[in-house]
Protein chains: 4
Amino acid sequence: MRANTHILEVRKFPQQIRSQRRVEKILAAAIEVFREVGFETATTNEISARAEVSIGSLYQFYPNKSAILNALGARCLTDLRALLDQALSEDSLEIPFEALLDRVFSALHMFSIQNDGLFAAIAKSPTLGEFISAEQQFIDEIIRRLEFNLEHRTPNLEPKKRHIMAKTCVICAHALFETRQSEHHGALMLEAKTIIMAYLEPVLQNR
Amino acid sequence: MRANTHILEVRKFPQQIRSQRRVEKILAAAIEVFREVGFETATTNEISARAEVSIGSLYQFYPNKSAILNALGARCLTDLRALLDQALSEDSLEIPFEALLDRVFSALHMFSIQNDGLFAAIAKSPTLGEFISAEQQFIDEIIRRLEFNLEHRTPNLEPKKRHIMAKTCVICAHALFETRQSEHHGALMLEAKTIIMAYLEPVLQNR
Amino acid sequence: MRANTHILEVRKFPQQIRSQRRVEKILAAAIEVFREVGFETATTNEISARAEVSIGSLYQFYPNKSAILNALGARCLTDLRALLDQALSEDSLEIPFEALLDRVFSALHMFSIQNDGLFAAIAKSPTLGEFISAEQQFIDEIIRRLEFNLEHRTPNLEPKKRHIMAKTCVICAHALFETRQSEHHGALMLEAKTIIMAYLEPVLQNR
Amino acid sequence: MRANTHILEVRKFPQQIRSQRRVEKILAAAIEVFREVGFETATTNEISARAEVSIGSLYQFYPNKSAILNALGARCLTDLRALLDQALSEDSLEIPFEALLDRVFSALHMFSIQNDGLFAAIAKSPTLGEFISAEQQFIDEIIRRLEFNLEHRTPNLEPKKRHIMAKTCVICAHALFETRQSEHHGALMLEAKTIIMAYLEPVLQNR
DNA sequence: AATGAATGAGAATTCATTCAT
DNA sequence: AATGAATGAATTCTCATTCAT
């Protein structure tokens, strides 16, 4: 047990790697539990038990229950940003808007599958200012990006009107994507593109 | 028990009127508290305190915390149905679709003002099968009514497609209406009509 | 977790020993409280306070108040069985019946002293199916053992009659033993032997 | 309602008769409830509901829950005394002891049927000093009467010994009578006589 | 760092009892 | 006298968090 400790300097890593794994396990367990019973009803004991980690360890990494949710939220946000960055690379201003939507929606779809239900679960958490705002941050970010992209495509539009239209698009798309539990989830996600195209078409310069 | 009740017109059924008021106070307090902290975090003690009613009285009317939420939900639903019935009276199949939307949205707007935030607060309550489904019931009902109305206006549409389109409209409208806390709430609600009209125009028979 | 346990002999499984003690304290306190006010009236807070243990700890060991009573009951039953096993060893069929009674009664007396009053207190607990049946189990067990022993000593007796006589003996003895609070408790316990001998003498083969 | 009030002086009675009935209903309901769930678990609300009497009325007659039990206890005691008085009339010192036992047991049997289960239910009520002592009073009274009767039948016995023997008899008989829920209840009650006769025979002067 | 036993504030709910009507 | 709505102290039990080991 203590035998190999001094052999290699690299030996410092394992701890960190273990910690890393621990954290992963905790977060994974937390997602599970939050999904099943919601944030308020979830207990840190249950999370630590599922993570096969002692409750003490859990608190070593996260000072309280909310912190776990925040970590999860932050992580979601990071993931999402990466996906968006990829989808909205250089040419995003040139390609037809419909193609852009395709890209973005496919990115969001992927995100939604990866984070299946977590977002919804989190969104239901009352009094979670911090993370609620993470979700809001996320939505706001998409709105901002869309708005920016539309600047070039709808030069005649008043900025305020453009903002509102962008917001409208994102809110609707978000709502249609968040129908996971409902029938026709797939079809509804597809409709997102249709309804947005129909909505924006009149103001889009070309296409 | 109720003897002598007719002697004085004043003070009709004092018990009942008082009880009525009590219940009102409890429900009003519950709305307040649910709004502020969400259902799970809300405490019956806090509710009874705000209602200036003893905790025992609260439990005389509602056997547990969920019952209060259910009462609130049921009440919302009733209100909403009445509003919709009014908005969708006899001529709702003949008038232009846009006019119909105006009516419905103004009804929903009124509802949304009356029940400001409650719905959203309730919707956030995790694991509240009963009332969550009340909200769902409400949405489903609007979808059904819209679908029915669209039958006459979009005779060429496949039923399934029509269903999905109706659902899409309602989901989007709902999402746009539920932005109370955000800036531009009013404008977003107005956009609901625009986006739905743009979306449905291609399939609407006349107008 | 248990690593290094062998390094020092001292401090063996501290957790377990402490826990053990805690449980003991809780049970002891519970006995005290149950005795004083009865099961229903006893409160878990009072028990934990007397045990000088936090209420949370109490619930860590026993999920609810009844569980404490059950633990107490189970323990009694175990104790009693051990005592009986000892008293009714191999030769119990050969020795004179009176000698057998002496043995059994002295075992029961010891038990009664050890568990002073607990049994009575428990027996008074209404609606405690589980433990009431533990007491019943205990009585039934003694009846069974006595019946079995009498088979050899009263071969002419109808089985049903034998069963009833055994039951009669045990019920009477039990009642006489459960007079702890009354004057002459000791004398009454002694009478148990007399009355049973008088009752059985006519049907006993030899002696 | 107020109309006939002044017609006859006798008119005062009805109130009393009604009250009487009310009290009867309350007591009857209380017996039912106590039997079903025991004293502690019984609620005054349940009792008043079953008695079809308002909770306020109940408290008009009995200042608290215990008072109801006490009333029930007192009543039992009265009933019992009457029965005993009848069974132990003048000639009770002359008739053979066995005949006496027959009389007493048949009286007790009747009592036990009339009060089926109430006694047992009451006996289980913890912390009911007052009524527990009613039961004790009852037992003590029987002991005293038996002791007195035995004075003439066992002149050679030491008084203390006689007291203990009387006590033994009563305790055993009581225990055998209180087996209502058990199989063989009838047979066990019959054994009471047998065991007591066997026990006392050696010291009884004649017979 | 890890463990998990221990803590205790706090929540839901009940029910004996009061008192305005 | 009767009624039953109202009261709120008291009880059971939970769970986030701490801390000795």
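Remember, predicted model here, so these are calculated numbers, not experimental data. When reading the values below, keep in mind they use all heavy atoms of this one structure, side chains included, and skip hydrogens, waters and symmetry mates. Quick note on labels: first sequence line is chain A, next is B, and so on, each numbered from 1.
Looking at every heavy atom in both residues, D:Lys65 comes nearest to D:Phe39 through NZ-O, 2.9 Å. Contact detail for A:Ile26 and A:Leu58: the closest heavy-atom pair is CD1-CA, 3.9 Å. Here the shortest heavy-atom pairing between B:Glu46 and B:Thr43 reads N-OG1, 2.9 Å. Minimum interatomic distance between C:Tyr62 and C:Leu27 (heavy atoms only, all atoms of both residues): OH-CD2, 3.5 Å. The shortest heavy-atom contact between C:Ala29 and C:Ile47 is CB-O, 3.5 Å.
Considering only side-chain atoms of C:Thr44, the nucleotide from F:dT17, E:dA2, F:dT12 that sits closest is F:dT12. When each of E:dT14, F:dG4, F:dT14 is scored by its nearest atom to the side-chain atoms of C:Ile55, the top-ranked nucleotide is F:dT14. Listed nucleotides: F:dA16, F:dA5, E:dA5. Nearest to the side chain of A:Lys65: F:dA16. Of all nucleotides listed (F:dC13, F:dT17, F:dA6), F:dC13 comes nearest to the side chain of C:Tyr59.
Per the geometry, NZ belonging to C:Lys25 stands 9 Å off P belonging to E:dT7, to the nearest Å. Separating the CZ atom of D:Arg21 from the P atom of F:dA2 is a distance of 14 Å, rounded to the nearest angstrom. Between C:Phe61 atom CZ and E:dT7 atom C1' there is a gap of 13 Å when expressed in whole angstrom units. A:Glu46 places its CD atom 15 Å from the C1' atom of F:dA16, with the value rounded to the nearest Å. Atom pair D:Arg50:CZ and F:dG4:C1' shows a separation of 19 Å (rounding to whole Å applied). Atom CD of D:Glu40 and atom P of F:dT11 are 12 Å apart (whole Å). For the pair C:Ile47 CD1 and E:dG8 P, the interatomic distance rounds to 18 Å; values are reported in whole Å. Taking atom CD1 on B:Ile68 and atom C1' on E:dA11, their separation rounds to 13 Å, with Å as the unit.
Base engagement by C:Ser57 is indicated by at least one non-hydrogen atom pair under 4.0 Å involving a base atom. At the heavy-atom level, D:Thr43 lies under 4.0 Å from the strands shown only through sugar-phosphate atoms. When heavy atoms are screened at a 4.0 angstrom cut-off, A:Ala67 is found touching no nucleic acid atom at all. At the heavy-atom level, B:Ala49 lies nowhere under 4.0 Å from the strands shown. Note on C:Asn45: a base of the nucleic acid sits closer than 4.0 angstrom, heavy atoms only. Residue contacts shown for A:Tyr62 are absent, as no nucleic acid heavy atom lies under 4.0 Å away.
Place A:Val53 and D:Ala42 on DNA chain E by their nearest nucleotides, and A:Val53 ends up nearer the 5' end.
C:Phe61 is not listed as a side-chain neighbour of C:Ile68, based on a closest heavy-atom distance of 4.5 Å or more.
The nucleotide F:dT21 finds its pairing partner in E:dA2, both defining distances of the Watson-Crick or G-U wobble pair being shorter than 3.5 Å. Across all strands shown, E:dT7 is found opposite F:dA16 as a Watson-Crick or G-U wobble partner, with both distances under 3.5 Å.
The phosphate of F:dT7 has OP1 or OP2 within less than 4.0 Å of a side-chain N or O from B:Arg22. Note on D:Gln60: a side-chain N or O is less than 4.0 Å away from OP1 or OP2 of F:dA2.
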